[in-house]
**Q** 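Dropping a structure here in C-alpha cells format, bear with me for questions.
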Amino acid sequence: MSIEKNEEFRPKIVAFCCNWCSYAGADLAGSSRMSYSADVKIIRVPCSCRVNPMFILRAFERGADGVIMCGCHPGDCHYTSGNFYARRRMTLLFSMLDYIGVESGRTRVEWVSAAEGAKFSQTMHEFVDKITSLGKNVRLEDLRCRNL
Amino acid sequence: MQRIGVFVCHCGTNIAATVDVKKVVEMAQHEPGVVHAEDYAYMCSEAGQELIHKAIKEKKLTGLVVCSCSPRMHETTFRNAAEKAGLNPYMVEIANIREHCSWIHKDIGEATEKAVILMRAAIAKVNLDAPLKPGESKVTKRALVIGGGIAGIQTALDIAEAGYPVDIVEKTPSIGGRMSQLDKTFPTLDCSSCILTPKMGEVNAHPLINIYTYSEVESVAGFVGDFTVEIRKKARSVDMDKCTGCGLCQEKCPSKKSLSEFNRGLSTRSAIYTPFAQAVPNVPVIDREACIKFKTGKCGICSKVCQAGAIDYDQTDEIVTEKYGAIVVATGFDMIKLDKYDEYAYSQSKDVITSLELERIMNAAGPTGGHLERLSDGKDPKEIVFIQCVGSRCADDRGKSYCSKICCMYTAKHAMLIRDKYPDTNVTVFYIDVRTPGKNFDEFYRRAVEDYGVNYIKGQVGKVIPQPNGKLLVQGADLLDSKQILKEADMVVLAAAIEPNPDVRKIATMLTASIDTNNFLTEAHAKLRPVESPTAGIFLSGVCQGPKDIPETVSQAGAAAVKAIGLLAKDKLLTNPCTAHSDELMCNGCSQCANVCPYGAITYEDREVNDHGIRERRRIAVVNDALCQGCGACTVTCPSGAMDLQGFSNRQILAEVDAICR
Amino acid sequence: MKYSYFPGCTLKNKAQDLDHYARISAEALGFELEEISEWQCCGGVYPLGTDEIATKLASVRALNDAKEKGQELVTLCSACHHVIKRVNDDMKNVDDIRTRANNYMALDEPYEGETNVLHYLEVLRDIVGFDELKKKVTNPLKGKKIGAYYGCLLLRPGKIMAFDDPENPKILEDFIRAIGAEPVIYPYRNECCGGYISLKEEEMSKNMCRKIEESASGFGADMLITACPLCMYNLNKNNGGNLPVYYFTELLAEALGLKEEVKEQ
Amino acid sequence: MKTEKNRAELIKEISGVNPLKCMKCGKCSASCPSYNEMDIKPHQFVSYVINEDIESLVNSKSLWKCLSCFACVERCPRDVKPGKLIDAARQIVVRERDNTYLSPDEVPELLDPETPQQLLVSAFRRYRR
Amino acid sequence: MQEFVKATSQAGASSHLATAGQRESQTRVINRAKELLADGTVARVLGWKAGDLPYNPEPAYFEKEEDFADFVYNGFCGANLSKYMIEASKLEGKTLVCLKPCDTYSFQELMKEHRVDRDKAYIIGVGCKGKLDIEKIKAMGIKGIQSISGAELEDEAETLTIQTIYGEKTCAYKDAMLERCHVCKGKDHMIFDEIIGESKETKDADRFTEVEKIEAMSPEEKFAFFQKELSKCIRCNACRNVCPACSCRKCVFDSNKFDSAQKANVDSFEEKMFHIIRAFHVAGRCTDCGECSRVCPQGIPLHLFNRKFIKDIDELYGEYQAGADLEPRTPLTDYRFEDAEPGIVAERG
C-alpha cells in the first residue's frame, strides 16, 4: 500500500552556506553559469559555525532528504576559527546520525572558497546524485510536519 | 504581523528569461503577511527603487523582500532605498533568484518553482525580522605601517601629509627595503638610491612619522578604528639618542666575518653594523650572534671607541603598546630559495648568481665596487647568460604558480646596462615569453635588442654544466630555430621567482587578514577594492598583495594611504548590528560561549534578574557590540539557546528551513 | 638486521662477482641479505603507461614477499631499484593500479605498498652510516680520485625515488670519502649513458658515454664508479681507454679487505 | 575505431598527461640528451597530441630515440612530462602492430660477450609488447 | 537444594556482621556531619534519607540533629548529588555534600561552568564499592523484598542477602551492580574536603563494548534498534532532570526560541531529535555518570548516546574525561587545524 505517487523522485536538499566563502562560491557558480540541480536550496548564514545541529535535524524532520553545509576552508575562516568549531560539531552530529541508522550520505560538509564556483557546482551535483540514489528520507521525517 | 512588500526583478532577461516572474508575483500574494507584490525590469535602477519607495509609503510596509541578484551585489542598495522611505534597513531580505536560480537552471518550470521557494524562505525570514540599529565605535587617529620598504615609506608619507600620525615598524635595522638594494631602475635607468634616499630622509624628518626599526609586531588586538598593537623593539645594543653615527665602532670591530645581508651574502660586515651607508636611522646594531663581547664576554672595543658612550650591552627587548585606527601591511618580498633548482648549478658554481645578487655586483657600493666580475676568479665575464622564469609559472611544488612580473623588465635592464658599460661582453637571454605590459616597457625591451644587441633566445635552459676550465656550459633550447644550444658562458644569472616575505603569514594571522595559498594577502575585491583586506581597517601596500614593480607599488601605496586616511578622517564608525545577544533569563553563565568567541567580545557580569517574580543575582553573558562581528559561534555553543544572533536568529533560520522543506 | 634482497638478472648472471661483493660486505657491516625466493625479473624498465599492470606484477610479488616476512626490501642494481620503487609507489598511491594488480595477484591480504624499498647505498647511508663504514675500512683507497656516475634511474623522478637531490646528489661522493678515496664532482654524473639504446643505436650511446668520461677526466677523475650494471657496460664498452669503470660494491669489498676472499670463492 | 582522435585520447590516457598544461617553455628539449637524433622534438610531442596528428608521431624516429632517462620528466615545470607522452605513443605502436622495433632474430648479432641481461630485457620491454 | 540452603544461611550469618559495618560507616559520616553543623562550618547537609522501601533512598537536606535518624548511606545511594549543589550554592552558608568518586567529576564540571560555588560546598568524599540496581535484582525473580543486607559500604562480602516475603534469597553483589559501576572511572575523588570510607574499583568491562556492537550493525539494524528503544520514551524528562550537565535554566525543548517547545509525541522522530540534542548539548561535558540510564522509568539505555559522543571525541580529538580537571576548554569549544573532516563518518563506513 503506497500513497506515494509514482513519479520521479526529486530530493529536497538544504544547503547552509557561509556568507563569506561558500555563498560567494555559489554566486560564482551562478555567474559562471555552472548549473546544478534546482533541488538544492541555499540558506545564507554568516559562518558555518552558525549552523546549529537543531537546524539540520529540523530540516530532516520537515522532510529534507539531504543537508549539506559549506564553509570557508579550514584556516581561511572570515572569523578565523568558526569553521573549526563547525567541523567538530558536524563530525560528531553526522557520526551520531550514522549511529542511529541514518545513511551517512545524507549529510555532508564541504569547504568551498569564494573562488571555487566550479567546486560548488560539482559538489552539488555529487550530493544530489548521492541523495537521489539513497531515495526518500523516510527514517527521520515527522509525518505530522508534512504539508503544513 | 508584518506588512510585507515583495518585489521581483527581471534583471532584463537575466532573470525573466528563465523565471516566470509574473508567476512568482502571483504566488507571493498568497504568502502570510504579504500585502504588496510587483515585478519590474531593473529593481536596482532609480525607477525600481522609486517603486519600492512608493509602496512603502502607500501600503505602510513593515518589511521588504526583493527577489533579485545576490545580496552580495545589491543588499546595500535596497537597504538604503528602504531607509530613504523611512523603513529600517534591516527589514529587507533578498531572495537570490539570479546567481542561485535563473543563471544555473534552464527549465522555466523548475526555475520558477525554485524562485518561489527562495522567495517564501525570504518572506518567512522577514516575518521574524526586527528593526536593528548599528552601534558606534571610535576611531583612533593614528596609523601603523608594517614594513619600511618603498611601499611602506610612500604610504606613511601620504598619510602623514594628510595630517595623521603614522608609525612604521621595520624588521631590519634600516628602512629602505628591497629598493635600497637595487642599482638602477627600469624603464628610465635612474639610480635607485638617488631616488629612494631623499624619501627615506623625508620619512625620517617628518614630524608626524615615527619609525621603529629593528622591531616587529608582536600582537594585534581590537578591530577597525581601534586596534591595540604591541611592538617588540629588539635590543639594538646601541642607544639611539646618544649615537652620532660616526661609524668608528664598525671600523674598529674585530669581528668582521659575518655575511652582509644587504649584499646578499656576497660580502662581509662587522658584528656592529649599519646595513648600508645611507641607512635610516644611521645608528648601528650589534649582531649578538657574531659579537665577541656577547659570545665570550671579552672585547668591548666598540664601547671603548664610542665617544658618545652610546654602546649599551645590557639593552633588552622592549615592548611598546600603541593604539591605531588603521593598519597598512607593506611587508614586501624576497627571492625564492634555489635549492630545488640545482640543474642550474646555483649551489655548485659561484658564477651562477641571482638577479638580485647581480644588482649588488653592479652597484658602486656593492661587494665588487660596481665592477662586473666573476665571483670565482674576479675575471671580467665576456659571455653572460640570463635564464628567465626560474621558479615562476610552475605547476609543481618546486616553484610558484604565478608570473613574478618584474623579471622580464629587470633582465632587459641588466642586459642593457652590461652592454652599455662593457661593450665587448655578449649577453644572451633565454626566455619563455617576454612580458612587457607597462608604459614604455616594450620600447625598453626593444632597445635592449635593437640598440644594444642583446641576444634573446626563446626557449628554456635544461642544465648549466660547470666545465673543468671554469666556464659554464649552458644547454638550452632554441624553439624558434629548432635547435638544442650549447653555449659556453662566464656567468649565468637566474631570474628567480619572488615570493612574499615569509613573515607575512604570521602577521596576517595576527590581523585576521586572509591570505592565499601563495602567501599573498587577499584583497577585499580583486577589481574594485584592490588595496583593502576583507578585514576592516587593514590595507595592503606593495608586493605583499601580489607581484609589482616600483611605479605600481608606489601608486598602490598611495591608494592604500588614501583608504586609510578615509578611515582616519571619520570621527566614529557604525558597527554591524547583526551581533549576538544573550537572554538574561535563559543564560546559565556557563562561560562556554566565551571559549569560542574569536574576538573576546563576551564577558560575564553578576546581575540581579527578575525571572517571573524570582529575583536573584545571576552570572550573565554580556556581548560587547563593538567587538562582536556576528559569526554566531557562541549561539551554537549555548545549550539553552540564550545566545542568539540578530539578523540571523534561530527562529529565522528555522523558518527558512521550514519554508524550503514545505 | 636482516633484509629481503632482490639481486636482479644481471647480478645473478653476467656480474655475479658484484653480487658477492655486496653480500660479503654486508656481512662485514652487520646486515644480512636474504634473497627472495623465486624472484622474477623486474623487467629492466618501469612501464610508464598507467594501464600497464601485468608488467608490474613481478615487482609486486617481490614486494609482497618482503611484506610477508616483515622485512624491508634491498636492491642493488639501479634499474631494479627504479622499477620496484616506482611500482611500490603506484601500489601505495594509485588506486586503479593497486586494485587491478591485487585482482591479478589474488593474495590472502591485498598488497598496498607496505614494504619499504631501500637501495644498498641507502642502507650504507641511513642504517650503517658512512661514519661507521669509514671505521670498518681496513684498506682505504687512498689517493684515488673517483668520479661517481649516478645515471638516471637512481635519481629520477626525484619525488618518487626520493634518493638524493636529483640535480646535485652526494650519496656516492660520501661513499667514496668513506672508503678513503677522493670524490671528483663533475656535471655529467647524472646525464644518461644511453641505457638500453646501446643495443640498436651504438653511436648514440657512444657519444653520450664520451661526454661523461671527458667531463669526469676533465675534472681529474682517474676512475668511475656506478651502481648500475648497464651503465657500467655502456661506459666500459665506449671507453676511450683510460678511465676504468667499477661497480661500487667491488670497491667497497676492496676497502673492507674482502675482495680477495670473493675471488677465492 | 582507430581514429586520430581516439588515438590521441588513448595517448593521454596511457600517459596520464594533460598536454594542455604545457606552456611551451622548451625545457624538455633543452634537457634531452637525444635531442639531435629526434625528428619530432620533445616539446613538439605536446602539440602533435593536441592537434591529434598521431600518425606522424608513431612514424617518427623520435619514438625509438628516447632513452627514458627522465630528464624532461624531472625538470618539466608544468607537470606535463613529455617522456611519458613519448612512451605512450610507443605503446600504441607496439600494441597496435606486429612489426615491433626489435625482433628476436636480430638479437644475436647485436650481442657481445659482455652484454648484460639487463640490456636485453630493457630493450625488449621498450621495443616490443 | 540442600546445598543451596546451607550456602544462604552462611551468607546470612556474615551479613549480620556487615550490618555493624554499615552502621559504622554511616555513623562516621553522620557524626562528622553533626560536628560540622554544630561548629557552624556548614549550614546544612546534603545526603540521602531512607525511602519507604529498603532500596529507594532519596536525596535530602539535613539541617537539625534529629533529621539524621533517617540518614542512610548504602549500596542503593546511586543518586549523584552534585546537581543539587546548583541550588544549594544560592543558599546562605556552606552545604556539606556527600559525593562518591564518580560524582566528583560532575561537581568539577559544574564548577568549570560556574554553576556551583566551591566556597559554598564542604565535600565529604564518601567511599563506594559499586552501587546497586534494584531492577537487576528484580529481574532475577526476587520479589516481595522486605530487607537487604550486604549493600553496605564497608562490607567485603560479595553476596547480598535479601529477606523476602517468600523467604531469604541471595545474589552476588556484582550481578546486582548498576551498569555504570562495571565501567567505573576509578576509586579516586577528584575534589573533596575530606574522605570517609574506603572505595573499591569495580571496573570489569569496557564501556565502549556496547557502542561498538551497535556501530558494527547495518544501518537498518541500527535504525531498528534505536526505534525499538526510543519508542518506549514517554518524555517524562527524568533523564534531563537528573543529568548534572543538563542544567540549563530553561531547556531548549521548553523554549520558544527554537519553536521546539514540547509537544505530545505522535511520531518517533520527536524522541530521536530530543535524545540526539540532549546528548549533543552535553557532549564534551558529560562525565558518563550514568544517571540518565539509572533513572529512566522505561529502562532505555540512554548512556549509549552519551558514550557514542565520548568514544568519537576520544578517537578523533584525543582521550578526554569531562570533570577530571578545571581546564575551561572542552572538546567542542576547542579545535586543532588538523582535525578530522566530517567526511570521516562516511569513510569509516
Side-chain angles (χ1 to χ4, degrees), chain A residues 48-49 51-63 67-71 73-77 80-111 123 130 134 137-146, chain E residues 211 214-215 217-227 229-230 252-253 257-260 263 265-270 272-277 279-281 283-284 304-305 308-313 315-317 331-349:
Chain A
S48 51
C49 70
V51 179
N52 195 311
M54 295 278 275
F55 302 162
I56 290 171
L57 296 183
R58 171 74 150 243
F60 283 125
E61 177 189 30
R62 296 295 161 110
V67 179
I68 181 166
M69 185 188 92
C70 301
H73 285 265
D76 294 343
C77 176
T80 69
S81 52
N83 53 4
F84 288 125
Y85 299 118
R87 183 164 63 176
R88 284 198 171 187
R89 290 169 187 159
M90 292 306 134
T91 305
L92 291 186
L93 177 71
F94 293 179
S95 179
M96 179 55 78
L97 287 173
D98 176 65
Y99 182 68
I100 65 158
V102 176
E103 304 91 338
S104 57
R106 290 201 189 274
T107 48
R108 179 165 171 178
V109 166
E110 199 63 56
W111 312 119
T123 301
K130 179 78 195 175
L134 288 171
N137 155 35
V138 286
R139 295 201 178 142
L140 286 185
E141 186 183 6
D142 188 334
L143 291 176
R144 290 169 307 165
C145 297
R146 206 178 272 185
Chain E
V211 175
I214 297 168
E215 284 172 342
M217 294 180 183
S218 71
E220 291 73 22
E221 288 168 335
K222 288 175 182 169
F223 189 73
F225 174 82
F226 281 106
Q227 182 84 329
E229 290 296 341
L230 292 180
V252 282
F253 284 98
K257 289 225 167 189
F258 283 84
D259 289 341
S260 57
K263 296 174 272 187
N265 303 308
V266 176
D267 195 278
S268 60
F269 180 79
E270 198 86 349
K272 288 201 193 77
M273 175 138 160
F274 174 78
H275 288 292
I276 292 171
I277 293 297
F280 191 87
H281 278 181
L304 290 179
F305 285 94
K308 169 64 178 166
F309 280 134
I310 292 169
K311 180 166 178 284
D312 280 344
I313 286 169
E315 285 172 1
L316 296 169
Y317 312 126
L332 276 173
T333 57
D334 201 0
Y335 64 86
R336 275 176 312 176
F337 185 81
E338 62 277 9
D339 278 342
E341 293 296 328
I344 194 170
V345 174
E347 283 159 28
R348 284 193 305 211

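Scope of the values below: all heavy atoms of this structure, side chains included, with no hydrogens, waters or symmetry mates.
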**Q** Tell me, side chain or backbone of L97(A) under 4.5 Å from chain E's heavy atoms, or both, or neither?
**A** side chain
**Q** Select, from G105(A), S104(A), S95(A), the one with the greatest count of heavy-atom pairs under 4.5 Å involving chain E.
**A** S95(A)
**Q** If you count heavy-atom pairs under 4.5 Å between each of M96(A), M69(A), E103(A) and chain E, which one has the most?
**A** M96(A)
**Q** Do the side chains of E215(E) and K222(E) get close enough for a salt bridge, i.e. N-O under 4.0 angstrom?
**A** no
**Q** Surrounding NZ of K130(A) (heavy atoms of other residues, nucleotides or ligands, distance under 6.0 Å), is the total greater than 12?
**A** no
**Q** I need the residue from T91(A), V102(A), L93(A) with the largest number of non-hydrogen atom pairs under 4.5 Å to chain E.
**A** T91(A)
**Q** Tell me whether E221(E) contacts the main-chain N or O of S218(E) through its side chain, where contact means a donor paired with an acceptor under 3.5 Å.
**A** yes
**Q** Do E110(A) and R108(A) sit within salt-bridge range, that is, some charged N less than 4.0 Å from a carboxylate O?
**A** yes
**Q** Say whether, by atom type as modelled, one donor and one acceptor occur between the side chain of R87(A) and the main chain of F337(E) under 3.5 angstrom.
**A** yes
**Q** Is chain A contacted by the side chain of F226(E), its backbone, both, or neither, given a heavy-atom distance below 4.5 Å?
**A** side chain
**Q** Please flag which part of F305(E) lies under 4.5 Å from any non-hydrogen atom of chain A: side chain, backbone, both or neither.
**A** both
**Q** Who wins among I313(E), D334(E), L304(E), L316(E) for the most heavy-atom pairs under 4.5 Å with chain A?
**A** D334(E)
**Q** Answer yes or no for R88(A) and Y317(E): cation-pi contact, defined as NZ/CZ to six-membered ring centre under 6.0 Å and angle to ring axis within 45°.
**A** yes
**Q** With side chains defined as the heavy atoms from C-beta onward, is the minimum distance between C49(A) and R89(A) less than 4.5 Å?
**A** yes
**Q** Pick whichever of Y99(A), F84(A), W111(A) has the most heavy-atom pairs under 4.5 Å with chain E.
**A** Y99(A)
**Q** Under a 4.5 Å heavy-atom cut-off, does chain A meet the side chain of E338(E), its backbone, both or neither?
**A** backbone
